[in-house]
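We use all heavy atoms of the structure for the numbers below, so side chains are in, but hydrogens, waters and symmetry mates are not. Order of the sequence lines fixes the chain letters, A, B, ..., with proteins taken first and strands second; residue numbering starts at 1 for each chain.
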Protein chains: 2
Amino acid sequence: MARAVRIKDIAEALGLSTATVSRAISTPGRVAEPTRSLVQAKAAEMNYRPNVQARSLRTQKSMSIIMAVRDIGNPFYLEVFKGAEAAAHDANYTVLMGNTENNPSREAEYFEMLRDGNADGMILMTGSIPDGWKGPNGSVVVALEMIEDGGFSQVVIDNAAAAQKAVDHLVAQGHRRIAHIAGPEGEGMSARRKAGFVAAMAAHGLTLPPGYLQPGDFGVDSGREATRALLALDTPPTAIFAANDEMAFGVLHEAQHQGLRIPDDLSVIGMDDIHLSRAVFPPLTTISQPRQDIGRHAMEMLLSQLGGTDDPQETLLPTTLIERATVARPRNEGTQP
Amino acid sequence: MARAVRIKDIAEALGLSTATVSRAISTPGRVAEPTRSLVQAKAAEMNYRPNVQARSLRTQKSMSIIMAVRDIGNPFYLEVFKGAEAAAHDANYTVLMGNTENNPSREAEYFEMLRDGNADGMILMTGSIPDGWKGPNGSVVVALEMIEDGGFSQVVIDNAAAAQKAVDHLVAQGHRRIAHIAGPEGEGMSARRKAGFVAAMAAHGLTLPPGYLQPGDFGVDSGREATRALLALDTPPTAIFAANDEMAFGVLHEAQHQGLRIPDDLSVIGMDDIHLSRAVFPPLTTISQPRQDIGRHAMEMLLSQLGGTDDPQETLLPTTLIERATVARPRNEGTQP
DNA sequence: TTGTAAGCGTTATCAT
DNA sequence: ATGATAACGCTTACAA
């Protein structure tokens, strides 16, 4: 393994001091013209790559941002990551993903990294902060899952408006008996989607019979179970809005298993527009979130806070309804339950 | 932000030298008993966390491993990552995922990190190495996608045997007209699955009519197109083995779109057992790869090579057939094409 | 504008 | 067994 080239090597090759070389590379403004381009040319020629460890040891800045997520195995976060990384890259920051797996001690670990200077900032997508955290909130931006009263900047999507879009679309097709399968109890995101659904139904003057609000946990199986319950009702719904796509897959599965035809016998709308939503049969009508935008916005906010000291801001990102093949007019339209 | 605790702080609090404290922490064997536990207790009490940047600057070891993949957005790699990380964690190594997006220059970047000492080793899953790489091959382990003649250690799954399992299963159900949708041309993995399929068919004495070997690119759409072609044949197959699950979804989609019932009119087997294979309708029969094992094995191999200088080894990991609901006996069994 | 030299936190060498 | 000290590669007062 050829030894990595250092500033010292360039300096010697050019008969300059390491200080000048360092300046020519990291603060080109502070060095005279002929020297500057000379150094930069030589550095490129020798294939010089700064030693980030040494640099951050000296500057006391790690130039890295932690993105803490619940489950690194969820492709959704990867899209957010891509957006965040693109924004960070331009500012020479590195993004590393931290996996908390809903484990408070792992979460605390990442906050420690922040405090110890192993990371300069954090994009928090876990929906919770360690007890007693009272660091400089400017180094944290909360995304996706809101945290109330923390004084953090936040980037979230408009969950209530998204639910409303789903209901509006269904109602426009003539549906009046619409049910909802909610996400995990106690999560703000699920609560907002549910509340948005309830509000939208009320706005259309539609009633919500008992059992039309099913609990779920964002997993396929819970979508299946909820559907079983829904279809066993005396007057089952003609349409179901699931709080995420995986539960919507459960709906498709169970309905087809019971011999119903989608969308003729039952309309379905999901939420998230995950990769496979267009691959299932029939292709799922769903609501898409601007995943990369979430990451990009959060990173831009964080970077700007890291510079000056902006006041905490809140960004609400819009969603889009993707019409595919799981929504049709109901068979017996207009029948109020 | 409270300043991070350094070795110096512990040393002062205890009236010892920084050297002793350092030793008590990183090489406890080299320090006498009363001192050792004293230091360790104090370090814990003061919540000391070593500065990894300083440490690796001094030791010239980064204690980090790059895992280079084609597409960081693919959940498959995340499972491999989890396995690798678990193994690395025990040895105090950090794993970071490098995204090449099939871009040779990004790939070369990660090899540079290796050469410059920004990483101590690499698990390579992209199936290619930069031209002219001739570093110490002991710091690289190839996983998943083989590289011929590189002198690298490899961890791969037995793709040919997997294809054979699929064919055996189908034949046991009475199928004789079996088609295959292959992965991208020129990729070793696809080639092996295809070769395994062809060999298994021959072993059962089954012929392969023209058109029964369809090209694909691992995407849903290519599975759809191949199915269209297959079903338009004079004697269409009674079963299809797709080289991955996404293409199998395309098969399900297109077949159902044409009014066929799965598995009664057509049997389907996929490969990979991705998360949603059990969520589609009908649940997909497929072949599962030991994802986490691949990562764990590769990391263990790498770590042991980083220590001594083992000769390059090869590990072949077995796969498992997961029976779900897309395979049944053919309607008109026994009809040779 | 450029050079000299100190220092970031840690470990390794050499004394004691 | 422990301590003093240099060194890792880089940036930044301060001096020239």
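We find that CD1 of A:I10 is positioned 12 Å from C1' of D:dG9, with the value rounded to whole Å. Atoms CE (A:M46) and P (D:dG9) sit 13 Å apart, rounded to a whole Å. Here D:dC10 presents its C1' atom at 14 Å from CG of B:N118, a figure rounded to the nearest Å. Between the CD1 atom of B:I25 and the P atom of C:dT10 there is a distance of 8 Å, given to the nearest Å. As a whole-Å value, the separation of A:R30 CZ from D:dC10 C1' is 17 Å. One atom, NZ of B:K61, and another, C1' of C:dA12, lie 15 Å apart when rounded to the nearest Å. At whole-Å resolution of the value, CD in B:Q53 and P in C:dG7 are 21 Å apart. Counting to the nearest Å, the P atom of C:dG9 and the CZ atom of A:R55 are 18 Å from each other.
Look at A:Y48 and you won't find any side-chain N or O under 4.0 angstrom from OP1 or OP2 of D:dG9. At least one side-chain nitrogen or oxygen of B:S26 sits closer than 4.0 Å to the OP1 or OP2 atom of C:dT11. The phosphate of D:dT11 has neither OP1 nor OP2 within less than 4.0 Å of any side-chain N or O from A:Q60.
A distance of 12.5 Å separates CZ in A:R106 from OG1 in A:T126, rounded to the nearest 0.5 Å. Considering OG of B:S56 and NZ of B:K61, their distance stands at 10.0 Å, rounded to 0.5 Å.
In this structure, A:T27 reaches neither bases nor backbone, as no heavy-atom distance under 4.0 Å exists between it and the strands shown. In this structure, A:I7 reaches the sugar-phosphate backbone alone: every heavy-atom distance under 4.0 Å involves primed, P, OP1 or OP2 atoms, never a base. If you check every strand for non-hydrogen atoms under 4.0 Å, A:T59 touches sugar and phosphate atoms only. In this structure, A:A32 reaches the sugar-phosphate backbone alone: every heavy-atom distance under 4.0 Å involves primed, P, OP1 or OP2 atoms, never a base.
Comparing D:dT5, C:dG3, D:dT12 against the side chain of A:S22 picks out D:dT12 as the nearest. When distances are taken from the side chain of B:T20 to each of D:dT2, C:dT10, C:dG3, the shortest belongs to D:dT2. The nucleotide whose nearest atom lies closest to any side-chain atom of A:R6 is, among C:dG3, D:dG9, C:dT10, D:dG9. Checking D:dC10, D:dG3, D:dC8 against the side-chain heavy atoms of A:N51 singles out D:dC10 as nearest. When distances are taken from the side chain of B:S17 to each of D:dT11, D:dT5, D:dG3, the shortest belongs to D:dG3. Of the candidate nucleotides C:dG3, D:dC10, D:dT2, D:dT2 has the atom nearest to the side chain of B:V31. Side chain of A:T35, nearest nucleotide from D:dT5, C:dT1, C:dC8: C:dT1.
For a distance-only test at 3.5 Å, the side chain of B:R58 qualifies as a donor-acceptor partner of the base of C:dT11.
Taking the side chain as every heavy atom from C-beta outward, A:R291 and A:Y77 never approach each other to under 4.5 Å. You'll find the side chain of B:M67 stays beyond 4.5 Å of the side chain of B:L96, heavy atoms only.
For A:R23 and A:K8, each mapped to the nucleotide of DNA chain D holding its nearest heavy atom, the one lying further toward the 5' end belongs to A:K8. Comparing B:A19 and B:L57, the nucleotide of DNA chain C nearest to each residue sits closer to the 5' end for B:L57.
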Mind running salt bridge (Lys or Arg N to Asp or Glu O under 4.0 Å) on B:E101 and B:R70 for me, showing each step along the way?
CA-CA 5 Å; B:E101 315 216 318; B:R70 276 177 202 282; over 6 Å; no
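Of the residues A:L144, A:V141, A:V142, A:L124, the one that meets the side chain to side chain contact (heavy atoms under 4.5 Å, CB included) test with A:Q154 is A:V142.
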